[in-house]
**Student:** 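Here's a structure for you.
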Amino acid sequence: MKKISILGSTGSIGTQALEVAQMHPDRFRVVALTARQSRERLFEQVRQFRPEMAGFSEPIPTEEIPEDLRFCRWLMGPEALHAAAAEVEADQVLVSIVGIAGLRSVMDAIGAGRQVLLANKEALVTGGHLVMKAAEQAGRPILPVDSEHSAIFQCLQAAGPNRPVRLWLTASGGPFRTWKKEDMDRATREQALKHPNWSMGAKITVDSASMFNKALEIMEARWLFDMPPERIRVVIHPQSVLHSAVEFEDGAVLGQMGVPDMRVPIALSMAWPERIANGSRPLNPFGMNLTFEEGDPVKFPALRLAGECLRAGGAACTVLNGANEVAVAAFLENRIPFGGISRVVEAVLEKTAGLRADSLGDIFEADGLARARAWEMIGKGTNGWFCP
Ligand code: NAD
Ligand code: MG
């Protein structure tokens, strides 16, 4: 029986992890659940899974917790995340919150000797060097939940002592793959939120449309698999059946295929090294037409910026991430057009070069600065400024 703590349990990844836990009551016991604010959903989950601890990272008055849920220890604010990551006795901690907030939780969980199941790619984007070092010292590899990284992780199991020469990171291309750049730059919130293959939270769905999600995943892969950016190839594969692949010296390419269903990598991380049923459909290969294209770095500046930031080092990836989080929030509030997202990120990167990332403090400082600069630019800019 594995005890699992879930940070961000009301989100897309969190709820799917609970579905898997519910399918295997003999394997998993849920010991902690946290959410940012979706009250009714968390209350319902606590009622159903009866964890020892639960909490909201945005505090609510304790009087508002229903009577029948007071059996569980309720915590609020940063304390809730800290307890779920490091205090509650758990074998594994699924970090499925959004944004740089995940970095502290991942470090807390590693520090407490927990097995980290990592959905929150931002932790590696911003603090990859610190996270990987801490995980190595703790002797527990990070188990990736992101589907591409889970695929690569699985392929590497077959590599023995051989190192891959290249990683193939697949990308669906998102809803704007076939659009002209001018049309994409003016796309609406509704258009950007329509992902062709995956149903996910709003932030990552917009990131998939702009390909900033792939930029973050290049950074994630760089740290998880210790691979320089020039050896990570983005392959646009609109059907999302090949989830990623690794290429070896002898020309062999090993890939992992399956239906696009996040319960597969989530369940694999939870049950690792075992594979368990998770409710996904079997893959039907007949009539399938799999295609592969190159990504266009002019249309999607994110693809170029990923390599540039990794080569620049220091806090460049943190700055990209922070500016992008702000730009996506502004886009979702209809304050900037879709094309404004990469403009804000590039402008903030230009203004914020050369920052260090030697400690968590440095990283949070760089993040704060990038966010402040992004909001400042958005405040000053008109839609005309962003989309001439
Ligand atoms: P989501 O928005 O659906 O859910 C996020 C969850 O975390 C919610 O429970 C929310 O209440 C909580 N949360 C959000 N921000 C928080 C904060 N600052 N502090 C504390 N709690 C917070 O998001 P999601 O789509 O489930 O994605 C979660 C993470 O997993 C992201 O890092 C994302 O990039 C990654 N990821 C998601 C998918 C997917 O299919 N959804 C795939 C790969 C990776
Ligand atoms: Mg992914």
**Student:** Between the side chains of R373 and E376, is the shortest nitrogen-to-carboxylate-oxygen separation below 4.0 Å, so that they form an ion pair?
**Tutor:**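 Looking at E376 and R373, the cut-off is not met.
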**Student:** Hydrogens and angles aside, do T291 and Q239 bring a side-chain donor and acceptor to less than 3.5 Å of each other?
**Tutor:**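 On atom types as modelled, these side chains qualify, holding a pair under 3.5 Å.
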**Student:** For residues I204 and I218: do they belong to one hydrophobic cluster (side chain heavy atoms under 4.5 Å, members Ile, Leu, Val, Met, Phe, Trp, Tyr)?
**Tutor:**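 Same cluster: I204 reaches I218 through Ile, Leu, Val, Met, Phe, Trp or Tyr contacts under 4.5 Å.
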**Student:** Has K299 got a side-chain atom pairing as donor or acceptor with R177's backbone, closer than 3.5 angstrom?
**Tutor:**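 Yes; at least one donor-acceptor contact below 3.5 Å.
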**Student:** Do D261 and R281 meet the salt-bridge criterion of a basic N to acidic O distance under 4.0 Å?
**Tutor:**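 Salt bridge: no.
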**Student:** Between H129 (side chain only) and K133 (backbone N and O only), is there a donor and an acceptor less than 3.5 Å apart?
**Tutor:**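 Between the backbone of K133 and the side chain of H129 there is no qualifying donor-acceptor contact (under 3.5 Å).
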**Student:** Counting only heavy atoms not in E89, do more than 12 sit closer than 6.0 Å to its CD atom?
**Tutor:**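 Incorrect, the count does not exceed 12.
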**Student:** I'd like to know if R70 pairs up with E67 as an ion pair, taking the criterion as any Lys NZ or Arg NE/NH1/NH2 lying under 4.0 Å from an Asp or Glu carboxylate oxygen.
**Tutor:**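 Judged by the 4.0 Å cut-off on N to carboxylate O distance, R70 and E67 do form a salt bridge.
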**Student:** State yes or no: do F49 and I97 share one hydrophobic cluster built from I, L, V, M, F, W and Y residues joined by side-chain heavy-atom distances below 4.5 Å, directly or via other members?
**Tutor:**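 Cluster IDs for F49 and I97 match.
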**Student:** Please tell me whether H149 and E220 have a donor and an acceptor in their side chains that are separated by less than 3.5 angstrom.
**Tutor:**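 Judged by distance alone, the side chains do pair up.
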**Student:** So does Q48 have more than 12 non-hydrogen atoms from other groups sitting under 6.0 Å from CD?
**Tutor:**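 Yes, because the 6.0 Å sphere around CD of Q48 holds more than 12 heavy atoms from other groups.
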**Student:** Start with the C-alpha gap between Q256 and E148, add the side-chain angles, then the distance that decides, and say whether side chain to side chain contact (heavy atoms under 4.5 Å, CB included) holds.
**Tutor:** CA-CA 9 Å; Q256 185 251 323; E148 297 79 358; over 6 Å; no
**Student:** Taking atom CD of E79 as the centre, does the number of heavy atoms from other residues, nucleotides or ligands within less than 6.0 Å exceed 12?
**Tutor:**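 No, because the 6.0 Å sphere around CD of E79 holds 12 heavy atoms or fewer from other groups.
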**Student:** May I ask you to check whether over 12 heavy atoms, not counting those of R356, lie within 6.0 Å of atom CZ?
**Tutor:**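 For R356, atom CZ is not crowded (no more than 12 foreign heavy atoms under 6.0 Å).
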**Student:** Identify, with sequence neighbours excluded, every residue that meets side-chain hydrogen bond (donor to acceptor under 3.5 Å, both in side chains) alongside E247.
**Tutor:**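 Partners of E247 by the side-chain hydrogen bond (donor to acceptor under 3.5 Å, both in side chains) criterion, ordered by chain and then number, come out as R166, W168.
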**Student:** Taking L7's backbone N and O only, do any of them form a donor-acceptor pair with S96's side chain (distance below 3.5 Å, no angle check)?
**Tutor:**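 Judged by distance alone, yes, a pair lies under 3.5 Å.
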**Student:** For Q191 and R186, does a side-chain donor sit closer than 3.5 Å to a side-chain acceptor?
**Tutor:**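 Per modelled atom types, Q191 and R186 side chains form no pair under 3.5 Å.
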**Student:** Any salt bridge linking R233 with E294? Criterion: basic side-chain nitrogen under 4.0 Å from a carboxylate oxygen.
**Tutor:**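 Answer for the salt bridge query: no.
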**Student:** So does T10 get a backbone contact from the side chain of R41, meaning a donor-acceptor N/O pair under 3.5 Å?
**Tutor:**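 Looks like yes, one N/O pair under 3.5 Å.
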**Student:** R163 and M227: side chain to side chain contact (heavy atoms under 4.5 Å, CB included), yes or no, with the steps?
**Tutor:** CA-CA 10 Å; R163 287 273 300 158; M227 191 58 81; 4.1 Å; yes
**Student:** Tell me, please, which residues at least two apart from F153 pass ring pair (Phe, Tyr, Trp, His ring centres under 6.0 Å).
**Tutor:**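 Partners of F153 by the ring pair (Phe, Tyr, Trp, His ring centres under 6.0 Å) criterion, ordered by chain and then number, come out as W272.
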**Student:** Would N197 and S240 count as having a side-chain donor-acceptor pair, cut-off 3.5 Å?
**Tutor:**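 Checked: N197/S240 side chains pair up, N/O donor to acceptor below 3.5 Å.
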**Student:** Taking the six-membered ring for Trp, is the centroid-to-centroid distance between F176 and F338 below 6.0 Å?
**Tutor:**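 Yes.
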**Student:** Can a donor-acceptor pair be found, under 3.5 Å and without considering hydrogens, that links the side chain of K121 to the backbone of M219?
**Tutor:**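 No, the answer is negative, given that no donor and acceptor are paired below the 3.5 Å cut-off.
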**Student:** Taking atom CE of M200 as the centre, does the number of heavy atoms from other residues, nucleotides or ligands within less than 6.0 Å exceed 12?
**Tutor:**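 Atom CE in M200 is crowded, with more than 12 foreign heavy atoms closer than 6.0 Å.
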**Student:** Check whether R189 reaches the backbone of F331 with its side chain - one donor and one acceptor, N or O, closer than 3.5 Å.
**Tutor:**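 Not a single qualifying donor-acceptor pair exists.
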**Student:** Are N321 and D367 linked by a side-chain donor-acceptor pair shorter than 3.5 Å?
**Tutor:**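 No - no donor-acceptor pair under 3.5 Å links their side chains.
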**Student:** Mark yes when over 12 heavy atoms from residues, nucleotides or ligands other than R263 sit less than 6.0 Å from its CZ; otherwise mark no.
**Tutor:**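 Yes, CZ of R263 has more than 12 neighbouring heavy atoms, counting only those of other groups under 6.0 Å.
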**Student:** Do E346 and R304 sit within salt-bridge range, that is, some charged N less than 4.0 Å from a carboxylate O?
**Tutor:**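 Salt bridge: yes.
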**Student:** Quick check against the 3.5 Å criterion: does E350 have a side-chain atom that pairs as donor or acceptor with the backbone of V345?
**Tutor:**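 No; zero donor-acceptor contacts below 3.5 Å.
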**Student:** With heavy-atom distances below 4.5 Å as the criterion, would you say the side chains of M107 and L360 are in contact?
**Tutor:**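 With C-beta onward as the side chain, the pair touches.
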**Student:** Determine whether a donor-acceptor pair (N or O, by modelled atom type, separation under 3.5 Å) exists between the side chain of H195 and the backbone of W198.
**Tutor:**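 Here the side-chain-to-backbone pair exists.
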**Student:** Could you tell me whether the side chain of H243 and the main chain of P265 form a donor-acceptor pair under 3.5 Å?
**Tutor:**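 Not confirmed, H243 side chain does not pair with P265 backbone.
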**Student:** Taking atom CD as the centre, does E230 end up with more than 12 heavy-atom neighbours from other residues, nucleotides or ligands that are less than 6.0 angstrom away?
**Tutor:**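 Yes, because the 6.0 Å sphere around CD of E230 holds more than 12 heavy atoms from other groups.
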**Student:** Is there a donor-acceptor contact under 3.5 Å from the side chain of N120 to the main chain of G99?
**Tutor:**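 Yes; at least one donor-acceptor contact below 3.5 Å.
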**Student:** Would you indicate whether the side-chain heavy atoms of I60 and M76 approach each other to under 4.5 Å?
**Tutor:**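 Touching, per the 4.5 Å side-chain cut-off.
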**Student:** Between L143 and L118, is there a side-chain heavy-atom distance shorter than 4.5 Å?
**Tutor:**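 No - every pair of side-chain heavy atoms lies 4.5 Å or more apart.
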**Student:** Is there a side-chain contact between W74 and M53 in this structure, where contact means two heavy atoms from C-beta onward sitting under 4.5 Å apart?
**Tutor:**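 Answer no - side chains too far apart.
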